[in-house]
Amino acid sequence: MAFNHFILCCGGTACESNKGVEIYEELRKEAAAQNVSGEVQIVQTGCFGFCERGPIIKVLPEESFYVDVTPQDAKEIIAEQIVKGREVKRLLYKEDSSSKKETAVEDIQFYQKQFRVVLRNCGVIDPENIDEYIAREGYSGLEKVLFQWTQEQIIEEIKSSGLRGRGGAGFPTWLKWDLCRKAQGNTKYMICNADEGDPGAYMDRSTIEGDPHSVIEGMITAGKAIGANQGIVYIRAEYPLAIERLKIALKQAQDYGLLGKNILGSGFDFDIEIRLGAGAFVCGEETALIQSVEGSRGMAVPKPPFPANKGLWQQPTIINNVETLANIPVITSKGGAWLSKLGTEKSKGTKVFALTGKIKNSGLVEVPMGTTLREIVFEIGGGIKDGKKFKGVQTGGPSGGILTEKSLDLPIDFETLAANGSMMGSGGMIVMDEDDCVVDVARFYMDFCVDESCGKCSPCRIGTTQILHLLEKIAKGNGEEEDLTKLETIGTAMTKASLCMLGGTAANPTLSTIRNFRDEYMEHIKDKKCRSGKCKNLLRFIINASACTGCSLCAKKCPANCITAEDAAKYPDKKKPPYVINQEACLKCGECFNACKFNAISKG
C-alpha cells in the first residue's frame, strides 16, 4: 500500500512514560475516525534523542517536527496535516521559546553537530519490524561475513576501522576478538553487555529499544570472527521495553534464518539467548558479569587469565557492550576505512552520550570523537538552564572525574579525558551549574559506589567506606584540612590496588573535585560554609533587615516557628519591623526563602 504521509512517534522509554503509547493509539484512532487510514502510516520508533522536548512526533514527507505532544493533539494533527495538508504551527519546534518562528528539522541546534552511526536507525524505523531494518542496509554486511570473509578478514576489517570498546576501557575491539579467535577451547561464547548501570545513563537501553537488530547483527559477526556458536545478551531486568523489543527481534531473526543452525545456508550456526541481571553495577565488569551468568554472585575475579582465554564456564569468551556491537554492521557494510575517517588519530568513530543535568537540551547525543565539551554543552545542549553559570561536567559516571571551564575546549577522546582526570566511561555526561556543591556531588557518587561494591577486595570495600565517611564529615562542618590529604591518599591507593575498575575508578569524582575545586572544600572546612547551600548542616538562611518589609509571610510558612519580628523600637523608620531567624531552631528547610517575595532572605 502506498501512503501519502508517515507519522513517526517516539516510542522510547522516556516518551512512553509521558503518554507516548496513548499518543500513538490516539493517532491511529483519529486516522480511522477521519477516514484517512489508507493515506497515512503511523509508526512507533525508538528514541529521537531530544528527550527534553518529548513526546516527539515527526510527519513525513513535510519533515514536520512536533514537540511536547499530548494525546489530545492527535485529532488536530490528523485533521490539519493529513486531511487539510496544513502543519499544526503551535506544536512545531521553536529554537527560542519566545520566538514565533518555527525551526526546520535540519536547522535544530540540538542535531547540528551530531553524526549518527550507532543511533542511525533510532527514531527512523519501527524497531519491531525486521523488514524496515533490512531496508536500511541491515544484515547487508552479514552477507560478506558469512559467505566472503574468513575470520581473519573480518577481524582485519574491524582493525582498519580503529573501533575501540565503548564500554569504558577503550580496548581495541579487533585485538580482543583476535585473542579469543586464537584461544584454545571446545566452545566459545560471545556476550553482549547490556547491563548499563551508571546514574543518568541510558545509551545502551535506547539503542536496543530503537534498533535491536543492529546489536544482533553485531553479535553474529563477532561470533563468526571468534568461532563462537552461542551468544548471550546480559541485560538488566529494569529495562522491560528493551527486553520486549529484543525478544521480538530475536524471533524475527530466527524466522528469517538469520539465527540458528546453518544461517542462510552458510554452514555457520549461531544462537542468542537473554539473561536478566538484577541491577548490580559491578556486573558491568566483565568477570563479575560472567560470574552472574554462571549463577554465582556477581564479583570480580583476578586477571589474568582474561575472559578471551578463560571466561564463561572456563571457555574463551568475548564481552562487548551494546554500543560497540551496534557499530559492527556499519563497518561490515561500509568498510572499516569509512568509520576510520571519523574521529581522531587514536579514537575513531563516534561516541554516544546521555547528556543530562543542568542543561537546556537534555537527551541522547552522538558526535564524532574529537568534538569538544564546549560544543556539546553550549551548542548541542543549548547551555545552562535559567541563565546560571557553568560549573563543571562529569564524564564517565561514578567512575569519571569532573572537568571545569578550563577543559571545555578539550577534544573528547579516550586519551585526552584520561589525561585530564576523567574518563570516557560508557557515555554518561552530567552538567553542573553554580548551584551544585562539589562535596555533595563527590559524596553522592561515593555513596553509590559503597552500595555497589561487591566487597571482595579490601581497597574497594574499605576505601570507599572511608572516603564516604570523610566526605560526610566535611559536609557536616566537622572537616579538617588534613582530611583532604587522607582523601587523596586513600583514593590513590584504591586506584592502584583494587581488584576491578569499580574500585580502581571510584575515587575519581573525589580526587578531581579536590584538584579542581580545592577552595570550595576549604570553605566547608575553615569557614563552615557551603556556597551552594546543598550541605544542610552548613546552610544558614539570613534575613536582610533593610530589605525586609515585615510582611510576615516567611514566619507564617516556617514549620519550626523560629522566625519572629524584631523590636519595632530599633527600626523607627520602618512601618513594620523586620523579621529575624533563630538559627538554633531553624530546620534549614528553605520554606522562608521560597516564600519571600522581596528577595530579603539569602543563603549564608
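Scope of the values below: all heavy atoms of this structure, side chains included, with no hydrogens, waters or symmetry mates. Position 1 is the first residue of the sequence; numbering continues from there. Bear in mind that the values here come from a model prediction, so they are computed numbers and not experimental data.
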side-chain contact (heavy atoms from CB on, under 4.5 Å) partner of Pro307, chosen from Thr287, Leu289, Ile191:
Thr287
Pick one: which of Met299, Glu285, Lys303 meets side-chain contact (heavy atoms from CB on, under 4.5 Å) with Cys500?
Glu285
Residue list, salt bridge (charged side-chain N to carboxylate O under 4.0 Å, His left out) with Lys574, at least two apart or on another chain
none
Between CZ on residue Phe517 and SG on residue Cys437, distance to nearest 0.5 Å
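Phe517 atom CZ to Cys437 atom SG measures 10.5 Å (nearest 0.5 Å).
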Find the distance between CG (Asn327) and NZ (Lys348) and round it off to the nearest 0.5 Å.
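It comes to 14.0 Å.
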Pairs under 3.5 angstrom only: tabulate donor-acceptor contacts from the side chains of residues 396-410 to other protein residues two or more places apart or in another chain.
from	atom 1	to	atom 2	distance (Å)
Ser399	OG	Thr505	OG1	3.0
Asp409	OD1	Arg374	NE	2.7
Asp409	OD2	Arg374	NH2	3.1

[Y]/[X] salt bridge by N-O under 4.0 Å criterion:
| X | Y | answer |
| --- | --- | --- |
| Asp519 | Arg531 | yes |
| Lys534 | Asp440 | no |
| Glu415 | Lys346 | no |
| Glu482 | Lys486 | yes |
| Arg518 | Glu488 | yes |

Taking atom types as modelled, is there a side-chain donor on Thr207 or Glu323 under 3.5 Å from an acceptor on the other?
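Glu323 and Thr207 do not have a side-chain donor-acceptor pair below 3.5 Å.
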Strictly by modelled atom types, are Asn321 and Thr324 linked by a side-chain donor-acceptor pair under 3.5 Å?
yes
Classify the ring geometry of Phe110 against Phe50: parallel below 30°, tilted from 30° to 60°, perpendicular beyond 60°.
parallel
Looking only at heavy atoms, which two atoms of Val117 and Leu339 are closest? And how far apart?
CG1-CD1, 4.3 Å
